[in-house]
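Start at 1 and go down the list; that is how both ligands and their atoms are numbered.
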Amino acid sequence: MKIELHTHSYYSDGVLSPKEIVEKAVNAKCDFLSLTDHDSVEGLAEASKYSKYFDLGFINGVEVSAKHNSQSIHIVGLGVNPQEKNLIEGLQKNNNFRIERAKKISEGLFKAGIDKAYEKASLMSKTKYITRTHFAQMLIQEKISPNMSAVFKKYMTGNKPGSVKGEWASSEEVIKWIHRAGGLAILAHPLRYKMTLTKLKKLVNELKLMGLDGIEIVNSFSRSEDIELTKMIADENNLLYSSGSDYHGWPNQMIELGGAPEYDFGKKSVINYLR
Ligand code: AMP
Ligand code: MN
Ligand code: MN
Ligand code: MN
């Protein structure tokens, strides 16, 4: 069974429309697809409606930015009701911070000699959503940086000019919104937080106590040892397994929708709890 439970459309930092995401999933022969835009459920109605023309199980999703002990993490909500009031209000709070942060990023980049970054990054987005990816793609287009990892390293993280601390909702709040909206809360890409194993285990343990339901075991580029490690952390906390490519559609990202390594999750697959 092919499951793709982590993708982005242009209702966050992806390139394609929700319809095009569904088409990609059909072409990739996925059995299940979730659209999981950052702090946005705006693309779900379109994707859900269009998926009915195909033999594709569509799952309403969202990737929520959260703050946990001053660290930014991403919690994917799967099977959420996109009309649930608490969730919508919560996501609105995160998006208010996004706009504020984008202006601060722009001020930082101005000090590094880059003019009108906010305006230029906004033009990279087809919707009202603005993310660090749009700043990064703009800097690549302007030939200020060669690729995504170089931009993030030089401009957008740590103490670099376009780095702003993530004042997102707390992980506890985020898990509550997802649960109230009927969804399962899944820790996204656990190995991408640049934490030591001890710290990662502590994070997962603390999130489990807040009600975390599962972890992404497989992402694009996961090696078999990565999968085994995340599975072990999941098992220690009795968490479900999820999988998704984190597809965004930017031509320079080399990630294919449905392209995460296929893996048989058996009974612990989150998909068994979503149908
Ligand atoms: P934001 O939600 O606005 O903070 O943007 C975060 C997004 O930027 C992530 O979801 C990724 O799509 C992208 N991103 C973050 N770090 C990197 C990186 N080192 N290389 C490529 N993309 C990244
Ligand atoms: Mn993203
Ligand atoms: Mn993420
Ligand atoms: Mn993502």
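Looking at His38 next to ligand 1, an N or O pair under 3.5 Å apart turns up. Looking at Arg132 next to ligand 1, an N or O pair under 3.5 Å apart turns up. Checked by distance only, ligand 1 and Trp168 stay at 3.5 Å or farther apart across all their nitrogen or oxygen atoms. Between Thr131 and ligand 1, a contact under 3.5 Å exists for no N or O pair. Ligand 1 has no nitrogen or oxygen under 3.5 angstrom from a nitrogen or oxygen of His74.
Selection from Ile255, Asn252, Asn94, Thr133 by nearest heavy atom to atom 7 (C) of ligand 1 gives Thr133. For the residues Phe135, Tyr129, Phe152, the heavy atom positioned nearest atom 20 (N) of ligand 1 is part of Phe152.
Checked against Glu100 for a side chain to side chain contact (heavy atoms under 4.5 Å, CB included), the options Arg98, Lys104, Lys103 give a single hit: Lys104.
With salt bridges taken as basic N to acidic carboxylate O contacts below 4.0 Å, one links Glu206 and Lys202. For the pair Lys24 and Glu20, the salt-bridge criterion is not met [side-chain N within less than 4.0 Å of a carboxylate O]. We find that Asp213 and Lys208 are not joined by a salt bridge, their nearest charged nitrogen and carboxylate oxygen being 4.0 Å or further apart. Salt bridge status for Lys93 with Glu173: present, with a side-chain N to carboxylate O gap under 4.0 Å.
With hydrogens left out, the protein atom closest to atom 21 (C) of ligand 1 is Met148 CB, 3.6 Å, a heavy atom. Of the protein's non-hydrogen atoms, Arg101 NH2, 2.5 Å is the one closest to atom 3 (O) of ligand 1.
With respect to the Mn ion (ligand 2), Asp13 has OD2 as its nearest N, O or S atom.
The environment of Lys67 atom NZ is dense: over 12 non-hydrogen atoms of other residues, nucleotides or ligands sit within 6.0 angstrom.
Within the 2.8 Å limit, His74 places no N, O or S atom next to the Mn ion (ligand 4).
With the Mn ion (ligand 4) as vertex, His6 NE2 and Glu63 OE1 subtend 90°, rounded to 10°. Computed with the Mn ion (ligand 4) at the centre, the Asp246 OD1 to His8 NE2 angle is 90°, stated to 10 degrees.
Heavy atoms only, all atoms of each residue included: Val22 and Ala47 are closest at CG2-O, 3.5 Å.
Taking the ring centre of Tyr50 as origin, the terminal cationic atom of Lys19 falls inside the region bounded by 6.0 Å and 45° from the ring axis.
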